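Below is one structure, written out as structure tokens; the observations come after it.
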Amino acid sequence: MELGACSIQRDQSCPGLTEIEQSKVFDKFYRSEKLEGDGAGLGLSIARQIVQAHEGRIGVYSKVDETTEFYCDLPVTAVPNRIVAV
């Protein structure tokens with residue numbers, strides 16, 4: 001029995017992503033040229049694979065020079081005597 005979804009949102013303070021960057025942000029090894037620091041560009045790709053494996057959805061909403069928001073929704077299923085996110 002599906003009960004709904006568990007929703008997670010994360011606002012990111014960064015310069016914002018263009019539409020082209022938003023379309024690539026979940027690709028393996030993609031890193032925005034605007035970002036500094038270490039990283040292989042795998043984190044969001046792995047997150048997407050995990051969320052999709054659980055029949056959830058993950059995405060990004062961003063406006064250049066304003067804000068970036070990442071979101072993730074995972075279905076919640078009832079188990080006798082408890083509720084478990086899957």
Side-chain angles (χ1 to χ4, degrees):
M1 176 174 127
E2 189 167 313
L3 299 175
C6 173
S7 184
I8 302 167
Q9 294 181 355
R10 168 82 161 89
D11 292 337
Q12 187 81 18
S13 54
C14 68
L17 302 170
T18 66
E19 287 185 25
I20 292 171
E21 289 174 309
Q22 289 179 59
S23 71
K24 296 178 180 181
V25 75
F26 293 100
D27 293 350
K28 281 185 182 177
F29 306 111
Y30 177 75
R31 286 182 40 85
S32 173
E33 295 175 7
K34 300 173 190 173
L35 296 178
E36 296 178 7
D38 297 335
L42 289 172
L44 290 172
S45 174
I46 293 168
R48 178 179 61 183
Q49 290 175 346
I50 292 168
V51 169
Q52 289 176 341
H54 291 282
E55 298 180 7
R57 65 185 194 115
I58 188 169
V60 61
Y61 170 78
S62 186
K63 286 189 175 181
V64 177
D65 297 327
E66 288 185 30
T67 186
T68 299
E69 177 183 299
F70 290 91
Y71 62 88
C72 168
D73 298 322
L74 294 169
V76 177
T77 303
V79 176
N81 300 321
R82 64 182 189 192
I83 298 177
V84 179
V86 292

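It should be emphasised that the depicted structure is a prediction, and the values quoted were computed from it without experimental measurement.
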Once rounded to the nearest 0.5 Å, what's the spacing between atom [atom1] of [X] and atom [atom2] of [Y]?
X: Y71; Y: I8; atom1: OH; atom2: CD1; value: 13.5 Å
X: K63; Y: E69; atom1: NZ; atom2: CD; value: 11.5 Å
X: I58; Y: I50; atom1: CD1; atom2: CD1; value: 9.0 Å
X: D73; Y: R57; atom1: CG; atom2: CZ; value: 4.5 Å

Report task. Take atom CD of E55 as the centre, draw a 6.0 Å sphere, and report whether it contains more than 12 heavy atoms from other residues, nucleotides or ligands. Result -> no
Query raised in the report: Are the side chains of D27 and R48 in touch, meaning some heavy atoms are under 4.5 Å apart?
Result: yes
**Report entry** Sub-4.5 Å side-chain heavy-atom contact between F29 and L42
**Finding:** yes
Query raised in the report: For T68, what residues pass the side-chain contact (heavy atoms from CB on, under 4.5 Å) criterion, not counting sequence neighbours?
Result: Q12, C14, L17, V60, S62, F70
